[in-house]
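All remarks here apply to the structure that follows.
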Amino acid sequence: MTYIETAISRIEATVGVSARHLETGREIQHNADDVFFTASTLKVPVLVELYRQVDRGIVDLDRRVELTDELRVPESGILKEMTAGINPSLHDLAMLMIIISDNTATDILYDLVGGDNLNNTTRDLGLHKTRIPMTVRQLLFSVVGLDPENAGDTYDLCAERLFNEAYVRDAAGYDPERSDVSSPGDMCRLLELLYSGEILSPASTEGALDILKRQQLRTVIPYALPVGTTVAHKTGFYLGVRADAGIVYSPTGPYTIAIMAKHVTSRDRMAFDLSLAALSRVVYDALVE
């Protein structure tokens, strides 16, 4: 059994990993083309689509959006706690979406760029396992058995059910045919295209990567890497699902990596993240010479 196989065998979940060194071409693949739930890693395609529209002159990152109570989305982030009436810029929203996984910021940007545009872009880029039909609000309401279009299914009710982990396992959010999904291979391909400058202008490429490098949720890919290693990445989580995808700037050159897990049985999120972080370190040791 290889070191990679040993690390994966210690993870209590179905795991997929894809990694590719962008200079040497060395690769590690395990269930790389299998479909996994994205959770908040969906925010990477949203970021890319936002900057694509910046390049086309459709979106101005200096534009400001007024926060209203109707825009609030439960769970991660700080905008849900802020006073209505503040006016963050689109750049501010992109930063919050990525570095602290702000769900309210994400849905504002998702609605701005348009779900059809987002999914057309993933298709055009050849990301054939990637589908993002749900906003974060739709996903979170779904997994606790609520409908955001139903006036009686309120933000407060959704937040309460999420807090109490009142999840509904046959909900659309847990159905790969209806939920937000991708594959480790697709996520790495998107990050490689981003890094290469093939899909965005130089300024937008730099802008998107700069935001990803500022990530504050660092318990998976970067956690066990050598101190000072720069990683541009985005994590994702909901009950039974964990993911992280990014670019590691190693001493021998950058490599893309996506680790995605489903059927997670552990209720100890930190312990589970440590098992994924150990896998990330094994990948690092295998690719970096």
Side-chain angles (χ1 to χ4, degrees), residues 4 8 11 13-22 25-52 94 97-99 101 106 110 118-134 136 139 176 179-200 205 208-209 211-213 215 217-222 225 231-238 241-250 254-262 264 273 276-277 279-280 283-284 287:
I4 297 293
I8 290 172
I11 300 171
T14 301
V15 177
V17 59
S18 178
R20 181 172 184 271
H21 197 291
L22 300 183
R26 188 177 295 115
E27 293 184 347
I28 292 172
Q29 310 288 340
H30 177 85
N31 295 334
D33 293 325
D34 289 1
V35 171
F36 289 82
F37 300 107
T38 60
S40 284
T41 59
L42 70 89
K43 297 167 185 179
V44 178
V46 172
L47 182 70
V48 169
E49 179 59 24
L50 175 69
Y51 273 97
R52 277 171 65 90
M97 172 179 71
I98 297 297
I99 71 170
S101 205
T106 302
Y110 184 106
L118 176 61
N119 284 286
N120 287 339
T121 291
T122 60
R123 183 196 64 220
D124 293 345
L125 294 178
L127 309 179
H128 299 305
K129 300 296 178 68
T130 303
R131 299 184 304 278
I132 309 173
M134 287 184 159
V136 180
L139 175 62
S179 189
D180 297 326
V181 296
S182 187
S183 69
D186 271 11
M187 293 302 295
C188 280
R189 177 60 177 159
L190 177 61
L191 288 162
E192 182 174 348
L193 289 169
L194 172 60
Y195 178 83
S196 70
E198 292 182 43
I199 54 176
L200 298 176
T205 298
L209 290 174
I211 290 175
L212 289 164
K213 289 176 184 177
Q215 177 61 247
L217 308 175
R218 297 175 54 83
T219 57
V220 181
I221 291 174
L225 301 187
V231 183
H233 69 116
K234 179 71 197 79
T235 56
F237 166 82
Y238 59 91
V241 176
R242 196 70 169 114
D244 198 2
I247 303 168
V248 175
Y249 292 78
S250 84
Y255 66 86
T256 57
I257 177 171
I259 300 172
M260 307 182 81
K262 57 187 175 181
V264 178
D273 280 5
L276 298 182
L279 173 58
S280 172
V283 171
Y284 178 95
L287 294 184

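Positions are given from 1, in the same order as the sequence printed here.
To the nearest 0.5 angstrom, Tyr51 atom OH is 13.0 Å from Ile199 atom CD1. With rounding to the nearest 0.5 Å, the separation of NZ in Lys43 from CE in Met97 is 8.0 Å. With rounding to the nearest 0.5 angstrom, the CE atom of Met134 is 12.5 Å from the CD1 atom of Ile132. To the nearest 0.5 Å, the span separating CD1 on Ile4 from CG on Leu279 amounts to 6.0 Å. For the atom pair Arg189 CZ and His128 NE2, the distance stands at 10.0 Å (nearest 0.5 Å).
Ser179 pairs by the side chain to side chain donor-acceptor pair (under 3.5 Å) definition with nothing, not counting sequence neighbours. Applying the salt bridge (Lys or Arg N to Asp or Glu O under 4.0 Å) criterion to Arg131, with sequence neighbours excluded, gives no partner residue. Under the side chain to side chain contact (heavy atoms under 4.5 Å, CB included) criterion, Arg20 pairs with Leu22, Glu27, Glu192, Thr256, sequence neighbours left out. Thr14 is linked by a side chain to side chain contact (heavy atoms under 4.5 Å, CB included) to Phe36, Lys262, His263, counting only residues two or more places apart in sequence or in another chain. Applying the side chain to side chain contact (heavy atoms under 4.5 Å, CB included) test to Ala39 and every residue at least two apart in sequence or in another chain returns Tyr238, Val241. Legend: residues meeting ring-ring contact (aromatic ring centres under 6.0 Å, His included) with Tyr284, ordered by chain and number and at least two apart, are absent. The side chain to side chain contact (heavy atoms under 4.5 Å, CB included) test applied to Ala13 returns Ile11, Val15, Ala261, Val264, Phe272, not counting sequence neighbours. Remark: Asn120 engages Arg123 in a side chain to side chain donor-acceptor pair (under 3.5 Å) (not counting sequence neighbours). Legend: residues meeting salt bridge (Lys or Arg N to Asp or Glu O under 4.0 Å) with Asp273, ordered by chain and number and at least two apart, are Arg242. Residues satisfying the side chain to side chain donor-acceptor pair (under 3.5 Å) test with Asp186, not counting sequence neighbours, are Thr130. Residues satisfying the salt bridge (Lys or Arg N to Asp or Glu O under 4.0 Å) criterion with Arg26, sequence neighbours excluded, are Glu289. In terms of the side chain to side chain donor-acceptor pair (under 3.5 Å) criterion, residue partners of Ser250 (sequence neighbours excluded) are, by chain and number, Thr252.
Checking side-chain atoms of Ser183 against main-chain N and O of Asp33 turns up no donor-acceptor pair under 3.5 Å. Put simply, the side chain of Glu49 never gets that close to the backbone of Leu118: no donor and acceptor are under 3.5 Å apart.
A heavy-atom distance below 4.5 Å is not found between the side chains of Tyr110 and Val136. Side-chain contact between Thr219 and Thr235 is absent, with no heavy-atom pair separated by less than 4.5 Å. Side chains of Phe237 and Ser40 form no contact here, defined as non-hydrogen atoms less than 4.5 Å apart. At a threshold of 4.5 Å between non-hydrogen side-chain atoms, the residues Leu42 and Thr106 count as touching. Looking at heavy atoms from C-beta onward, Leu47 lies in side-chain contact with Leu212 at the 4.5 angstrom threshold. For the pair Leu276 and Asp244, the minimum side-chain heavy-atom distance is 4.5 Å or more. A heavy-atom distance below 4.5 Å is found between the side chains of Ser280 and Ile259. You'll find the side chain of Pro45 reaches within 4.5 Å of the side chain of Leu190, heavy atoms only.
Shown here for Leu125 and Arg52, the closest heavy-atom pair between the two residues is CD2-NH1, 4.4 Å. Pro184 approaches Met260 most closely through the heavy-atom pair N-SD, 3.5 Å. Taking each heavy atom of Ala208 and Leu194 in turn, the nearest pair found is CB-CD1, 4.0 Å. Residues Ser18 and Cys188 share a closest heavy-atom pair of O-SG, 3.1 Å.
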Report task. I would like to know whether Lys234 and Ser101 meet side-chain hydrogen bond (donor to acceptor under 3.5 Å, both in side chains); could you show each step before the answer? Result -> CA-CA 8 Å; Lys234 179 71 197 79; Ser101 205; 3.0 Å; yes

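Each of Asp180, Val181, Leu139 was compared with Pro133 under the side chain to side chain contact (heavy atoms under 4.5 Å, CB included) criterion, and only Asp180 meets it.
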